[in-house]
Amino acid sequence: MTDQAVEPRRLTPDELRTLFLFESLTDEQLQWLSEVGYVESVHDGIVFNEGDEATCCYVLLTGEIRLCKLSHGELVEINRTGQRGVYSGAFNAFFGANDHKSYTATMQVTQPSEFFVISAETMATMMNTWFPMAVHLIEGFVMGMRRTNETLGERERLLALGSLSAGLTHELNNPAAAAVRAAATLRQRVSGMRSKLAMLADGTLDATKLHQIVALQDDAVERLDKNKDKDIPPMELSDREDELTDWLDDHDVQASWDIAPVLAAAGLDVPWMDEVLTAVGPKYLEGAVRWLMYTIDTESLMNEIDDSVTRISTLVGAAKQYSQIDRAPYQTVDLRELLKSTLVMMSGKLQGYEIVKDFDPELPQIPAYAAELNQVWTNIIDNAVSAMGGSGTLTIRTRRDGAYAVVEIGDTGPGIPEEIRRRIFEPFFTTKPIGEGTGLGLDISWRIVVKKHHGDLRVESEPGRTVFKIVLPLDPERELESDPALLA
């Protein structure tokens with residue numbers, strides 16, 4: 001005796017008509033649907049997982065279901081209902097038979113339940129055969145929204161890039177101009193040094209004294225290096241300049257008011273000047289003093305050029321880090337370095353704000369799409385700056401939370417009202433004036449963090465404190481293996 005396959009239970013046309021989804025179909029349509037659909041019983045557990053291939057549409061007959069979305073590695077309930085006729089699953093399968101689709105949520109039953117089940121292929125055939133005009137209209141609307149979203153998303157990225165480029169150009173211009181000015185002044189100082197050197201070495205100054213001057217010159221440069229990073233109080237510096245001016249005047253050195261500030265800034269004082277006088281004598285004092293002044297001045301100018309060029313190099317490096325030029329899109333990255341490069345790129349917008357950086361030095365590197373995470377930081381920081389309106393504190397913090405890396409970006413703005421907070425991640429929703437925002441910045445950020453990195457993006461807000469939390473898995477591969485629902 002052989003086992004025979006059990007024929008699935010069907011619903012009669014009259015039973016199908018009691019479901020609001022099918023109540024307006026014709027008798028012929030209901031008869032066809034009765035033959036292609038079937039009843040399935042689920043007593044406990046998951047019906048389908050978020051991210052699984054969407055193969056069926058489920059219409060609830062009896063029982064109760066709950067729909068959940070994955071957030072921060074946990075399933076969060078978004079709906080629970082026992083209403084007869086509600087549906088979930090592959091109900092949009094008619095958008096092209098070859099378009100792979102996934103379930104957008106996880107559906108569970110909370111008690112023994114029954115479903116009328118239609119396969120995705122059947123759903124596609126039914127909709128395209130019975131309602132071709134409706135399918136074209138809905139597909140046109142969905143595709144139009146998708147194209148609009150993509151177009152405005154690209155525009156949002158281009159606007160952000162243009163704004164950052166303008167800021168970067170401004171930031172590069174300042175050190176570049178400073179380097180050009182310093183180079184021009186340095187040329188004049190070197191010319192002056194050559195003439196003073198000729199005066200000192202015209203044969204009337206013996207070699208011993210010349211060696212002493214060179215030794216004093218080296219000492220002056222050393223003192224300058226030690227003092228260049230010191231923040232000398234203005235009153236102390238002024239007193240030192242006055243003492244040096246008086247000493248120079250007492251020894252008939254011309255233009256003491258021009259020489260004294262240079263010597264004082266290098267940390268030189270009256271006892272040191274007495275050593276110069278002893279070394280060269282009164283006759284050659286003025287030439288020696290000016291020679292030393294030119295030495296200090298040229299060293300200061302070279303330091304200024306070095307600082308300017310270093311600043312330019314830092315900006316270019318930050319721009320390269322921000323844009324991830326010549327780097328693989330998906331790579332192991334240090335979130336702290338990405339945040340630092342974004343702050344450098346946005347430094348023009350951050351003028352007037354206090355920046356607090358609290359970076360966990362133990363936070364490990366993670367695999368990520370670096371350039372896209374930089375876009376997330378940019379969007380959130382730009383919104384924070386707009387919210388604070390010219391002044392306030394921007395706090396950026398990184399920390400580890402178990403198997404996740406957490407980046408917090410907070411501001412001291414007025415906060416986000418509850419009714420707005422529920423909508424801030426919706427596409428095209430914005431509170432900015434017309435022309436200043438497209439409403440896609442946070443939507444793009446949410447998709448990058450949640451969809452592309454399988455993380456979470458959330459916000460906490462109250463008056464005077466708004467914090468966006470970006471949660472990213474430290475090991476996405478392990479997370480995907482442990483929870484297939486993350487493959488959505």
Side-chain angles (χ1 to χ4, degrees), residues 4-43 45-69 78-110 112-149 484-485 487-488:
Q4 293 183 347
V6 178
E7 180 72 18
R9 185 163 75 87
R10 311 285 181 180
L11 291 185
T12 67
D14 289 338
E15 288 175 314
L16 286 172
R17 198 182 296 278
T18 64
L19 301 172
F20 65 83
L21 196 61
F22 311 125
E23 61 186 3
S24 298
L25 297 182
T26 66
D27 292 341
E28 291 79 6
Q29 290 170 336
L30 288 171
Q31 182 61 43
W32 180 85
L33 196 58
S34 173
E35 295 171 359
V36 297
Y38 59 92
V39 176
E40 181 177 317
S41 297
V42 182
H43 295 284
I46 295 175
V47 182
F48 55 77
N49 278 309
E50 178 182 355
D52 290 346
E53 183 179 356
T55 57
C56 296
C57 177
Y58 294 83
V59 183
L60 183 64
L61 299 176
T62 62
E64 184 182 67
I65 62 170
R66 66 191 290 257
L67 291 176
C68 303
K69 292 281 289 183
I78 58 174
N79 193 20
R80 182 188 291 254
T81 181
Q83 180 184 351
R84 175 180 166 83
V86 296
Y87 54 91
S88 185
F91 56 85
N92 61 353
F94 53 87
F95 288 153
N98 297 324
D99 187 10
H100 172 77
K101 295 179 178 65
S102 302
Y103 292 118
T104 58
T106 295
M107 187 170 78
Q108 300 173 332
V109 296
T110 60
S113 304
E114 282 192 326
F115 301 91
F116 179 66
V117 183
I118 312 170
S119 70
E121 294 80 4
T122 300
M123 175 68 76
T125 300
M126 180 182 73
M127 293 295 293
N128 283 284
T129 303
W130 297 348
F131 314 108
M133 181 176 178
V135 168
H136 290 315
L137 289 172
I138 296 172
E139 191 168 16
F141 173 76
V142 171
M143 294 302 295
M145 288 293 291
R146 184 180 300 172
R147 283 194 295 268
T148 300
N149 198 342
L487 289 169

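- With a 4.5 Å cut-off on side-chain heavy atoms, Leu60 and Phe115 count as touching.
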Distance-only check: which donor-acceptor pairs under 3.5 Å involve side-chain atoms of residues 84-91, not counting sequence neighbours?
residue: Arg84; atom: NH1; partner: Leu61; partner atom: O; Å: 3.4
residue: Arg84; atom: NH2; partner: Thr18; partner atom: OG1; Å: 2.8

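- The distance from atom CG of Leu25 to atom CD of Gln31, rounded to the nearest 0.5 Å, is 12.5 Å.
- Put simply, CG on Leu21 and CG on Leu33 are 9.0 Å apart, with the number rounded to the nearest 0.5 Å.
- Between Glu40 and Tyr58, some side-chain heavy-atom pair lies under the 4.5 Å cut-off.
- Note that OG1 of Thr104 is 7.0 Å distant from CD1 of Ile78, once rounded to the nearest 0.5 Å.
- With rounding to the nearest 0.5 Å, the separation of OG1 in Thr129 from CE in Met127 is 10.5 Å.
- Looking at heavy atoms from C-beta onward, Val42 lies out of side-chain contact with Gln108 at the 4.5 angstrom threshold.
- Side-chain atoms of Trp32 and Thr26, non-hydrogen and from C-beta on, never get closer than 4.5 Å to each other.
- Paired with Tyr103 under the rule side-chain contact (heavy atoms from CB on, under 4.5 Å), one option of Thr55, Val47, Leu67 passes, and it is Thr55.
- How far OH of Tyr38 is from OG of Ser119: 7.5 Å, rounded to the nearest 0.5 Å.
- Checked for salt-bridge contact, Glu50 and Lys69 meet the test: a charged N lies under 4.0 Å from a carboxylate O.
- To the nearest 0.5 Å, atom CD1 of residue Ile65 and atom CE of residue Met107 are 5.0 Å apart.
- Considering every non-hydrogen atom in both Ala120 and Ala54, the closest pair reads CB-O, 3.8 Å.
- Of the possible donor and acceptor atoms, one in the side chain of Ser34 sits under 3.5 Å from a partner among the backbone N and O of Leu11.
- Minimum interatomic distance between Trp130 and Gln29 (heavy atoms only, all atoms of both residues): CH2-O, 3.3 Å.
- Counting heavy atoms from C-beta outward, Arg80 and Glu64 have side chains that approach closer than 4.5 Å.
- The minimum heavy-atom distance between Asn128 and Ala124, with the atom names listed, is ND2-O, 2.7 Å.
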